Colleague: 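Can you keep this structure in mind? I'll have questions shortly.
Residue numbers count from 1 along this sequence. Nothing here was measured: the structure is a model prediction, and the numbers come from that model.
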Amino acid sequence: MSFRGLRKPNATSGMGVADQSKTAYHELQRKKTHRYVVFKIDELKNQVVVEKTGNPAESYDDFLASLPDNDCRYAVYDFDFVTAENCQKSKIFFVAWSPDTSRVRAKMVYATSKERFRRELQGIHYEIQATDPTEVDLDVLRERAD
């Protein structure tokens, strides 16, 4: 029996995106009902699901506190700022959070699933890959948004 031509299934190629995840993102993007959304991969369901949403009054520190110290996550953050011309603007950041202390398997699953998930979120302005809190410092967002 020949195995030529048969492919091993890729564990992440079938990673789905829960409807709840798309809905939460659209609520952040269009309705401004969330300041941020944190997503996690539910390996049992084989899909990206919402772990937490932050209401519009929550701070950037609240957002950072919602990212786990030892596990990977995806997140979107709606960053409001005022330009040098005194114009109020808003930019949506996609954060691929992969701390150095997280499990190697988690890092691999999140890294290989990221592009598929990211494509589902239309309207992202900037992407940040972060392995520690300094890489998602508020000043980093300000620099990127300007």
Side-chain angles (χ1 to χ4, degrees), residues 1-81 88-146:
M1 182 158 127
S2 171
F3 290 100
R4 201 174 301 184
L6 292 179
R7 294 182 183 184
K8 282 186 170 182
N10 179 340
T12 58
S13 64
M15 188 66 63
V17 178
D19 288 341
Q20 158 205 36
S21 296
K22 294 177 195 175
T23 300
Y25 174 71
H26 290 297
E27 289 172 349
L28 174 140
Q29 180 188 36
R30 295 190 181 118
K31 299 179 184 175
K32 304 288 188 187
T33 54
H34 309 300
R35 171 65 55 202
Y36 61 87
V37 182
V38 178
F39 304 93
K40 72 176 186 174
I41 292 177
D42 183 331
E43 291 194 57
L44 295 175
K45 294 180 181 174
N46 202 32
Q47 62 183 201
V48 180
V49 299
V50 172
E51 180 175 61
K52 181 177 196 271
T53 58
N55 71 56
E58 288 193 45
S59 70
Y60 193 69
D61 288 337
D62 295 326
F63 166 67
L64 292 179
S66 69
L67 298 174
D69 294 334
N70 299 314
D71 204 359
C72 302
R73 293 293 184 272
Y74 303 127
V76 288
Y77 185 82
D78 189 8
F79 180 59
D80 292 330
F81 63 101
Q88 182 71 36
K89 294 239 178 171
S90 176
K91 298 287 182 184
I92 298 173
F93 281 80
F94 177 86
V95 177
W97 176 247
S98 183
D100 292 329
T101 55
S102 56
R103 297 179 339 269
V104 172
R105 174 165 166 62
K107 289 181 193 182
M108 287 175 43
V109 169
Y110 276 80
T112 57
S113 303
K114 182 182 68 110
E115 283 308 312
R116 165 135 170 42
F117 177 58
R118 171 85 169 62
R119 278 195 306 270
E120 295 284 335
L121 309 179
Q122 300 296 313
I124 298 284
H125 298 105
Y126 301 103
E127 182 174 320
I128 296 176
Q129 305 247 15
T131 58
D132 71 68
T134 63
E135 295 174 327
V136 285
D137 187 78
L138 193 54
D139 290 336
V140 173
L141 271 65
R142 283 190 189 107
E143 281 178 26
R144 297 283 297 274
D146 276 344

Colleague: Counting C-beta onward and ignoring hydrogens, is there a side-chain heavy-atom pair between Tyr126 and Lys91 closer than 4.5 Å?
Modeller: yes
Colleague: Quick one: sort the Tyr77 and Phe63 rings into parallel, tilted or perpendicular, breaks at 30° and 60°.
Modeller: tilted
Colleague: Within this structure, what is the CD-CG distance for the pair Gln47 and Asp19, rounded to the nearest 0.5 Å?
Modeller: 8.0 Å
Colleague: Got Ser113 and Ile41 here, is their nearest side-chain heavy-atom distance under 4.5 Å?
Modeller: yes
Colleague: I would like to know whether Glu43 and Arg105 meet side chain to side chain contact (heavy atoms under 4.5 Å, CB included); could you show each step before the answer?
Modeller: CA-CA 11 Å; Glu43 291 194 57; Arg105 174 165 166 62; 2.5 Å; yes
Colleague: Between atom NE2 of His34 and atom NZ of Lys52, what is the distance when rounded to the nearest 0.5 Å?
Modeller: 11.5 Å
Colleague: Could you grab the distance from atom CE of Met108 to atom OG of Ser98, nearest 0.5 Å is fine?
Modeller: 11.5 Å
Colleague: Please indicate whether Lys32 has more than 12 foreign heavy atoms, meaning atoms of other residues, nucleotides or ligands, lying under 6.0 Å from its NZ.
Modeller: yes
Colleague: Can you find a side-chain donor-acceptor pair between Asp132 and Thr134 that sits under 3.5 Å?
Modeller: yes
Colleague: Given the rule in the side chain to side chain contact (heavy atoms under 4.5 Å, CB included) test, do Leu64 and Trp97 qualify, once you have shown the distances and angles that lead to the verdict?
Modeller: CA-CA 10 Å; Leu64 292 179; Trp97 176 247; over 6 Å; no
Colleague: Looking at Tyr25 and Ile92, what are the two nearest heavy atoms and their distance?
Modeller: OH-CD1, 4.0 Å
Colleague: Charged N to carboxylate O under 4.0 angstrom, Arg73 versus Asp71?
Modeller: yes
Colleague: State, to 0.1 Å, how close Ile124 and Val76 come at their nearest heavy-atom pair, and which atoms those are.
Modeller: CD1-CG1, 3.7 Å
Colleague: Would you kindly check if the NZ (Lys) or CZ (Arg) of Arg118 is within the cone defined by 45 degrees around the ring axis of Phe94 and under 6.0 Å from the six-membered ring centre?
Modeller: yes
Colleague: For Glu120, is there an ion pair with Arg116 - N to carboxylate O distance below 4.0 angstrom?
Modeller: yes
Colleague: Using every non-hydrogen atom in the two residues, find where Phe79 and Leu138 come nearest and quote the distance to one decimal.
Modeller: CE1-CD1, 3.6 Å
Colleague: What is the distance from atom CG of Leu67 to atom CD of Glu51, rounded to the nearest 0.5 Å?
Modeller: 9.0 Å
Colleague: Ignoring hydrogens, what is the shortest heavy-atom contact between Tyr36 and Asp62? Give both atom names and the distance.
Modeller: OH-O, 3.6 Å
Colleague: Do Phe117 and Met15 come within less than 4.5 Å of each other through their side chains, counting heavy atoms only?
Modeller: no
Colleague: Working to the nearest 0.5 angstrom, can you tell me the gap between Gln122 CD and Gln29 CD?
Modeller: 8.5 Å
Colleague: Answer yes or no: is there a side-chain heavy-atom contact under 4.5 Å between Asp80 and Gln88?
Modeller: yes
Colleague: Would you check if Ile128 and Leu141 make a side-chain contact, meaning some heavy-atom pair closer than 4.5 Å?
Modeller: yes
Colleague: Check for a donor-acceptor pair, side chain of Thr101 on one end and backbone N or O of Asp69 on the other, with a separation under 3.5 Å.
Modeller: yes
Colleague: Using 0.5 Å steps for rounding, measure from the OH atom of Tyr110 to the OG atom of Ser102.
Modeller: 9.5 Å
Colleague: Compare every heavy atom of Val50 with every heavy atom of Ala24, then report the nearest pair and how far apart it is.
Modeller: CB-CG2, 3.7 Å
Colleague: If you count every heavy atom of other residues, nucleotides or ligands that lies below 6.0 Å from Lys114 atom NZ, does the total exceed 12?
Modeller: yes
Colleague: Could you report the tightest heavy-atom contact between Asn55 and Arg35, atom names first, then the distance?
Modeller: O-CB, 3.4 Å
